[in-house]
There are 2 protein chains.
Amino acid sequence: MATPRKRRLPRGTLDRDTIVAASLRLLDEKGMRGFSMPALGRELGADPSAVYRHFASKDELVLAITDALIAEQDVPSLRGSCWIESLILIARHTWELGGRRPGAMALTASRTAAMPGTFAAADHIIGVFREGGFDADDAGRMYRSFVDFMLATAQQRAALLDLDPEALELDLSNEAAFRSADPRRYPNLGAAAETVATRTWTESFELGLAMLITGIEAMAPKPCRGHTHSVRPLA
Amino acid sequence: MATPRKRRLPRGTLDRDTIVAASLRLLDEKGMRGFSMPALGRELGADPSAVYRHFASKDELVLAITDALIAEQDVPSLRGSCWIESLILIARHTWELGGRRPGAMALTASRTAAMPGTFAAADHIIGVFREGGFDADDAGRMYRSFVDFMLATAQQRAALLDLDPEALELDLSNEAAFRSADPRRYPNLGAAAETVATRTWTESFELGLAMLITGIEAMAPKPCRGHTHSVRPLA
DNA sequence: ACCTGAACACCGTTCAAGT
DNA sequence: ACCTGAACACCGTTCAAGT
């Protein structure tokens with residue numbers, strides 16, 4: 001309260017890591033809507049335009065945030081267990097990350113950063129597919145499709161959670177409104193409406209993951225025979 | 001050239017349908033970035049604020065656009081063929097829609113509108129799952145997970161295509177840059193880098209769809225015995 | 001009743017000026 | 001060399017004023 005807020009920052013205060021960390025804090029607190037250059041300036045205690053000394057554009061900053069978020073993730077590896085379980089663990093971790101940090105997930109999940117964190121994660125997941133007996137090229141193909149599913153699904157929910165409260169409320173009430181569809185006009189929807197309306201996003205994700213995992217194992221040269229996976233189809 | 005552009009619009013010119021149609025035109029021409037209230041006003045030849053006579057907010061307009069886009073879709077039904085083929089057709093149609101009209105897909109794919117177009121599409125897809133022998137509740141569950149996968153995947157690519165040209169260029173060059181990752185540090189990525197870097201989005205979608213379809217058929221009470229589906233795992 | 005136009009509180013980005 | 005502050009061309013939304 002004593003220090004005047006308009007003090008000039010010392011010369012070397014800002015760097016790329018500081019700005020990325022402040023961006024992630026801002027995204028966690030205020031969501032994507034609150035992540036603006038003026039807001040970032042306030043978070044840093046600097047003028048918004050100072051960021052442009054370190055990143056050429058907001059988009060370049062977004063890519064740096066993308067890699068930092070990936071690099072932060074520390075999914076415990078499951079050596080000794082079935083490789084399929086590793087995939088399930090990675091997918092669930094990503095899904096939960098989108099639930100906890102919707103702003104960061106919504107902003108970054110469709111971007112590709114050619115940086116160390118991204119490379120390390122890709123290397124890890126391709127390695128998991130090779131455990132399943134896929135050769136390197138097929139493991140690369142499976143990796144791309146698996147990651148696309150995982151990120152796309154997590155991002156979709158994150159984008160919804162990141163909406164402003166009124167829009168989110170409207171969307172959720174619309175899901176519930178499936179119950180009010182005329183069963184004469186929409187007989188199939190009418191018969192399933194209660195289930196569709198009350199289904200949680202996580203239940204829907206889990207069933208989609210079960211479908212995917214079933215498909216992956218069917219394609220795998222080395223399926224995990226005798227091992228029951230932790231996904232529950234239609235449970 | 002002769003008519004002065006600032007003529008006042010006749011009283012009943014604007015209505016919800018006109019505004020939604022102009023929004024879709026704008027999204028197709030200029031993408032999500034170009035879809036602003038001032039731009040919509042120009043497209044309509046009206047003052048931007050006139051739209052607020054018909055929609056309470058931009059978000060309410062977005063939900064109307066969502067339903068209109070769904071209602072426009074006319075996926076040919078495949079009575080007589082295997083029900084799995086209908087799912088494949090619907091998924092591919094959605095994917096292609098996101099490629100052709102990225103702005104509209106990116107804006108709407110995570111929203112739920114409780115309106116006729118949405119109800120009719122839901123009814124149709126739940127019906128397809130019932131053809132596969134799922135009871136109504138399970139068909140409702142499968143519908144949610146299938147649609148989430150389909151829309152999320154299509155939206156993710158659409159959001160990328162909707163980026164401004166410079167950001168898109170940066171992202172695509174980053175995908176290619178997976179080739180330059182150090183193979184000593186990232187041996188799995190190194191072995192698959194060429195495949196990962198040159199893989200198209202559609203190839204990745206098709207493999208993901210094949211995984212999902214394999215999983216769905218494995219769960220179905222009435223799989224399509226003796227029928228070869230049009231998805232090609234790892235082809 | 002419906003559309004306009006000015007106004008408000010914001011954006012991302014640039015660049016001359018300060019230190 | 002690095003940060004500031006004013007400026008530019010935008011946003012979504014509101015509301016008194018016009019017709």
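Between the CZ atom of B/F35 and the P atom of D/dG12 there is a distance of 8 Å, given to the nearest Å. Straight-line distance from the CG atom of B/L107 to the P atom of D/dG12: 11 Å, rounded to whole Å. Straight-line distance from the CG atom of A/D164 to the C1' atom of D/dG12: 11 Å, rounded to whole Å. If you take NZ of A/K58 and C1' of D/dC10, they are 14 Å apart, rounded to a whole angstrom. At whole-Å resolution of the value, NE2 in A/H54 and P in D/dA1 are 14 Å apart. Distance CD (B/E166) to P (C/dT13): 10 Å, rounded to an integer number of Å.
Nucleic acid contact class of A/A50 (heavy atoms, under 4.0 Å, all strands): base.
For the atom pair CG of A/L87 and CG of A/L209, the computed distance is 9.0 Å after rounding to the nearest 0.5 Å.
Side-chain contact, B/D59 with B/S57: no donor N or O sits under 3.5 Å from an acceptor N or O. Side-chain contact of B/D148 with A/S204: a donor-acceptor pair under 3.5 Å is present, judged by distance alone. Side chain to side chain, B/T18 and B/D15 meet the donor-acceptor criterion of an N or O pair below 3.5 Å.
Relative to the side chain of A/R8, the nucleotides C/dC3, D/dT13, D/dC3 differ in distance, and D/dC3 lies closest. With D/dT4, D/dT13, C/dG5 as the candidates, the nucleotide lying closest to the side chain of B/D47 is C/dG5. Taking the side chain of A/L9 as heavy atoms from C-beta on, and the options C/dG12, D/dC3, D/dG5, the nearest nucleotide is D/dC3. For B/Y52, taking side-chain heavy atoms from C-beta onward, the closest of the listed nucleotides C/dC3, D/dT14, C/dT13 is D/dT14. Among D/dC11, C/dG12, D/dT4, the nucleotide with an atom closest to any side-chain atom of A/S36 is C/dG12. Side chain of A/L14, nearest nucleotide from C/dT13, D/dC3, D/dG12: D/dC3. Listed candidates were D/dC3, C/dC11, C/dT4. Nearest to the side chain of A/P38 is C/dC11.
A cation-pi arrangement, defined by a distance under 6.0 Å to the six-membered ring centre and an angle within 45 degrees of its axis, is absent between B/R100 and B/W95.
When each of B/S49 and A/M37 is assigned the nucleotide of DNA chain C with its nearest heavy atom, B/S49 is the one assigned upstream, toward the 5' end.
Secondary structure note: stems in DNA chain C built from 3 or more consecutive Watson-Crick or G-U wobble pairs under 3.5 Å occupy C:4-8 with D:12-16, C:12-16 with D:4-8.
Below 30°, between 30° and 60°, or above 60°: for B/F129 and B/F146 the angle between ring planes is above 60°, a perpendicular geometry.
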